[in-house]
Number of protein chains: 2
Amino acid sequence: MAKRVTIHDVAAEAGVSRQTVTRAMNDRDDIKEATRLRVLEAVERLGYRPSRFARNLVTRRKQHALGLVVASFDNPYYTGIAAEMLTAAAERGWQLMMAAAQDDTEAVLGMLASQADVVALHFGGSGAELSEFAGGLPVVRLEAESLLPGVHSVALDIESGIVAVVAELRARGARRFGMVDSAHSLQAHGARGAGGGYGPSPKRRYFERAVGEPLAGVTIGDESIAAGSRAFGELLEQHPDVDTVLMFNDLMALGAVRYAQSRGIDVPGRVRIVGIDGLALGEAVHPRLTSIALDVRAMASHTMDIAELVAKADFARLDPIHRRVGSSILWRESA
Amino acid sequence: MAKRVTIHDVAAEAGVSRQTVTRAMNDRDDIKEATRLRVLEAVERLGYRPSRFARNLVTRRKQHALGLVVASFDNPYYTGIAAEMLTAAAERGWQLMMAAAQDDTEAVLGMLASQADVVALHFGGSGAELSEFAGGLPVVRLEAESLLPGVHSVALDIESGIVAVVAELRARGARRFGMVDSAHSLQAHGARGAGGGYGPSPKRRYFERAVGEPLAGVTIGDESIAAGSRAFGELLEQHPDVDTVLMFNDLMALGAVRYAQSRGIDVPGRVRIVGIDGLALGEAVHPRLTSIALDVRAMASHTMDIAELVAKADFARLDPIHRRVGSSILWRESA
DNA sequence: CTGTTAGCGCTTTCAA
DNA sequence: TTGAAAGCGCTAACAG
């Protein structure tokens with residue numbers, strides 16, 4: 001591990017002052033071409049690279065970075081969020097740092113804390129926990145309300161979408177509603193960890209409320225295509241009277257469509273399938289997936305709004321800011 | 001835009017010296033509990049957050065960051081790469097910064113340069129261009145050889161996979177081979193920009209070589225499901241004798257499967273479909289997609305190996321390091 | 001055009 | 001246990 005080459009070494013090598021090296025490195029015009037070349041040669045010879053920390057420390061116009069904790073890279077919904085965040089961040093001149101959600105949210109936040117100015121994440125625990133983990137790092141909680149001070153949030157209005165979809169499905173003849181719920185909803189509620197296990201997800205509660213009576217059948221699966229396929233099969237088997245199924249998310253819904261397709265089950269004739277998320281991937285299957293689309297772009301935009309507000313306050317602790325984005329229904333072919 | 005709260009302000013507020021604030025912030029034991037509490041209260045009151053730049057500048061053990069320029073968030077192949085990179089980076093204690101590829105690679109690199117220690121990216125231009133754009137920033141070029149000094153690379157051996165797949169397809173009765181190629185291959189070759197346009201992709205050249213005779217038909221489309229579907233349809237229409245089709249990538253292949261499915265075309269009976277990438281998503285369609293799987297995990301791992309080597313040399317310009325990863329064939333149902 | 005002087009905000013010695 | 005000094009590597013502001 002050689003000693004780091006600094007601006008000082010380059011200056012010595014080129015026989016100029018450090019300031020002149022800076023001028024050459026930053027393409028400024030107040031330097032003689034010959035000197036510039038000489039310095040650049042020295043840079044090349046020594047393999048010098050300015051320290052990003054030192055540079056950012058001293059530069060007036062700081063580079064801001066948003067840390068995004070991505071819940072899962074296996075679900076296009078989350079990578080879609082990442083994509084939108086990236087776009088929104090780039091538009092505002094922010095950098096995006098990503099980290100994968102692990103069991104240990106605290107550790108992840110600890111890592112990001114030294115690199116990011118603001119962190120956005122999905123988090124299942126309580127706001128208090130989150131606030132504690134963040135330890136002063138400004139946090140934007142995604143897809144959940146936050147009541148605690150110090151934790152901003154961008155919530156999602158899924159319920160209105162579910163209500164609307166149920167109404168329209170009824171109009172189309174739906175009578176017996178079933179649902180495939182997530183085995184471990186990210187929007188877990190109240191105490192996780194301590195032996196609690198998971199109750200029905202908020203989506204399921206919204207759905208039951210919208211239907212207005214107990215669901216004709218519910219099964220549970222992991223948030224994957226394969227698990228969605230399996231759980232959908234179980235649902236049809238255990239509750240053959242179900243004619244309409246809400247899948248917890250589009251990934252699982254894709255599995256449901258695949259299941260129906262491979263068994264020759266008519267969709268939406270025999271059973272209607274509705275997903276949640278509005279993935280573009282829903283266009284790829286046959287029949288195309290009807291889905292409650294969440295406005296991910298607005299979510300990203302709001303997140304960046306909050307980040308900029310926080311930045312404007314120089315990252316001091318602010319009163320929590322809350323935003324809310326809506327959902328719309330993508331009527332395609334499966335329902 | 002209030003003035004930034006610094007360690008100095010906290011020290012004044014708590015009536016201690018700056019070092020003592022440091023001690024309190026970093027949970028060190030050489031500080032009296034009462035003092036610690038008092039400092040922490042001041043921190044809370046002022047909403048103080050240490051500057052990540054200043055901290056990293058002075059700290060012995062630096063945080064390293066890999067900058068990843070993601071070619072496209074719309075293709076799960078690339079998000080899959082991002083996921084693997086994230087995992088590989090986390091395992092080694094590196095942070096991952098992401099940026100989206102834009103038209104202006106130079107600008108993207110410029111942004112990342114101030115935040116990342118090493119950059120990994122797919123790049124279609126020449127190594128010389130890349131080297132110039134990077135301006136000293138260590139670069140790992142993905143999925144392409146690099147001959148230029150200063151640009152490391154992790155290449156992909158797709159050709160052996162294509163050769164193997166053609167051999168097996170022939171054994172299964174394939175006679176007339178067609179291909180849907182990319183309209184603008186990322187692995188563009190030679191001069192882009194200056195009116196050059198794009199020739200056949202390397203994948204196509206490998207395929208032709210493996211087949212050993214001119215392809216029975218080739219159509220072209222963008223790298224999306226919809227375009228893949230369309231181009232596949234055109235191929236069947238223009239060259240009805242084609243019985244086996246290699247799709248440029250899995251995303252396009254998904255479109256092909258969808259096209260066949262919706263027209264009632266028997267796959268693989270009437271036509272065999274093979275994709276490239278090995279996406280898990282290939283399991284979601286019916287029939288499941290056969291694909292040449294690229295070892296993305298190995299690619300990520302090699303990239304991090306190189307990054308660590310570069311870091312060990314304190315980011316001095318190193319002789320270029322080259323790695324190569326292989327491919328394997330996922331025989332599923334579509335071929 | 002180039003060099004000198006000051007810091008950026010933090011952590012590390014080292015004394016007290 | 002605390003404080004004082006001395007930088008980390010760089011750039012802004014001023015000289016010259």
Side-chain angles (χ1 to χ4, degrees), chain A residues 1-40 42-43 46-64 113-115 117 136 314-316, chain B residues 1-40 42-43 46-64 113-115 117 135-137 314-316:
Chain A
M1 185 115 165
K3 188 134 189 62
R4 177 171 189 121
V5 180
T6 75
I7 196 171
H8 197 165
D9 304 319
V10 177
E13 175 85 8
V16 296
S17 71
R18 290 171 309 172
Q19 185 50 29
T20 300
V21 176
T22 290
R23 292 194 178 92
M25 289 301 288
N26 298 9
D27 285 325
R28 284 165 43 167
D29 49 354
D30 54 346
I31 179 176
K32 200 162 56 179
E33 186 59 20
T35 321
R36 229 261 295 287
L37 256 43
R38 190 151 42 90
V39 172
L40 259 30
V43 165
L46 269 39
Y48 165 69
R49 285 198 25 72
S51 150
R52 63 195 164 102
F53 296 119
R55 174 175 280 178
N56 277 288
L57 177 57
V58 81
T59 297
R60 265 277 169 276
R61 174 104 190 82
K62 310 265 187 189
Q63 286 269 20
H64 291 150
S114 64
Q115 301 273 33
D117 300 302
D314 260 303
F315 306 102
Chain B
M1 185 115 165
K3 190 137 189 62
R4 181 177 183 116
V5 179
T6 74
I7 195 171
H8 197 135
D9 304 319
V10 177
E13 174 83 10
V16 297
S17 70
R18 292 169 311 173
Q19 304 58 251
T20 300
V21 176
T22 291
R23 293 191 178 94
M25 289 299 289
N26 298 8
D27 285 325
R28 284 166 42 170
D29 49 355
D30 54 346
I31 179 176
K32 202 161 54 181
E33 186 60 20
T35 323
R36 229 261 297 288
L37 256 42
R38 191 151 42 89
V39 172
L40 260 28
V43 165
L46 268 40
Y48 165 70
R49 283 194 31 69
S51 149
R52 62 195 166 101
F53 297 119
R55 172 174 279 177
N56 277 289
L57 177 58
V58 80
T59 296
R60 265 276 169 274
R61 176 99 191 87
K62 311 265 186 189
Q63 284 269 20
H64 292 149
S114 63
Q115 301 273 31
D117 300 302
L137 184 65
D314 260 302
F315 305 102

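The chains referred to below are lettered A, B, ... by the order of the sequence lines, with proteins before strands, and numbering in each begins at 1.
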In residues 13-22 of chain B, which residues come under 4.0 Å of DNA chain C by heavy atom?
Arg18(B), Gln19(B), Thr22(B)

For the pair made of [atom1] in [X] and [atom2] in [N], what is the distance, rounded to whole Å?
| X | N | atom1 | atom2 | result |
| --- | --- | --- | --- | --- |
| Arg52(A) | dT11(D) | CZ | C1' | 18 Å |
| Ile7(B) | dA4(D) | CD1 | P | 14 Å |
| Leu57(A) | dA6(C) | CG | P | 19 Å |
| Met25(B) | dT2(D) | CE | P | 17 Å |
| Phe53(A) | dT11(D) | CZ | C1' | 17 Å |

Minimum heavy-atom distance between [X] and [Y], given as atom pair plus value:
| X | Y | result |
| --- | --- | --- |
| Val39(A) | Val21(A) | CG1-CA, 3.9 Å |
| Arg28(A) | Arg36(A) | O-NH1, 4.3 Å |
| Arg18(A) | His8(A) | CG-CA, 4.1 Å |
| Ala42(B) | Glu13(B) | CB-CG, 3.5 Å |
| Arg38(A) | Val16(A) | NH1-CG1, 4.0 Å |

Tell me if the side-chain of Arg23(A) makes a donor-acceptor pair with the base of dG3(C), cut-off 3.5 Å, by modelled atom types.
yes

At less than 3.5 Å, do the side-chain atoms of Arg49(A) and the base atoms of dG9(D) form a donor-acceptor pair?
no

Under-4.0 Å side-chain N/O to phosphate OP1/OP2 contact, Asn56(A) with dC8(C):
no

From Arg23(B) atom CZ to Asp30(B) atom CG, the distance as rounded to the nearest 0.5 Å
5.0 Å

Is the closest side-chain heavy-atom distance between Ile7(B) and Met25(B) below 4.5 Å?
no

Select from Arg36(B) and Ala54(B) the residue whose nearest nucleotide in DNA chain D is closer to the 5' end of that strand.
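Nearest nucleotide further toward 5': that of Arg36(B).
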
In residues 27-35 of chain B, which ones come under 4.0 Å of DNA chain D, going by heavy atoms?
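Those residues are Asp30(B), Ile31(B), Lys32(B), Thr35(B).
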
If we ignore angles and hydrogens, is there a donor and acceptor under 3.5 Å between the side chains of Ser17(A) and Gln19(A)?
no

Salt bridge (Lys or Arg N to Asp or Glu O under 4.0 Å) with Arg49(B): which residues, sequence neighbours excluded?
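So Arg49(B) forms no salt bridge (Lys or Arg N to Asp or Glu O under 4.0 Å) with any residue.
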
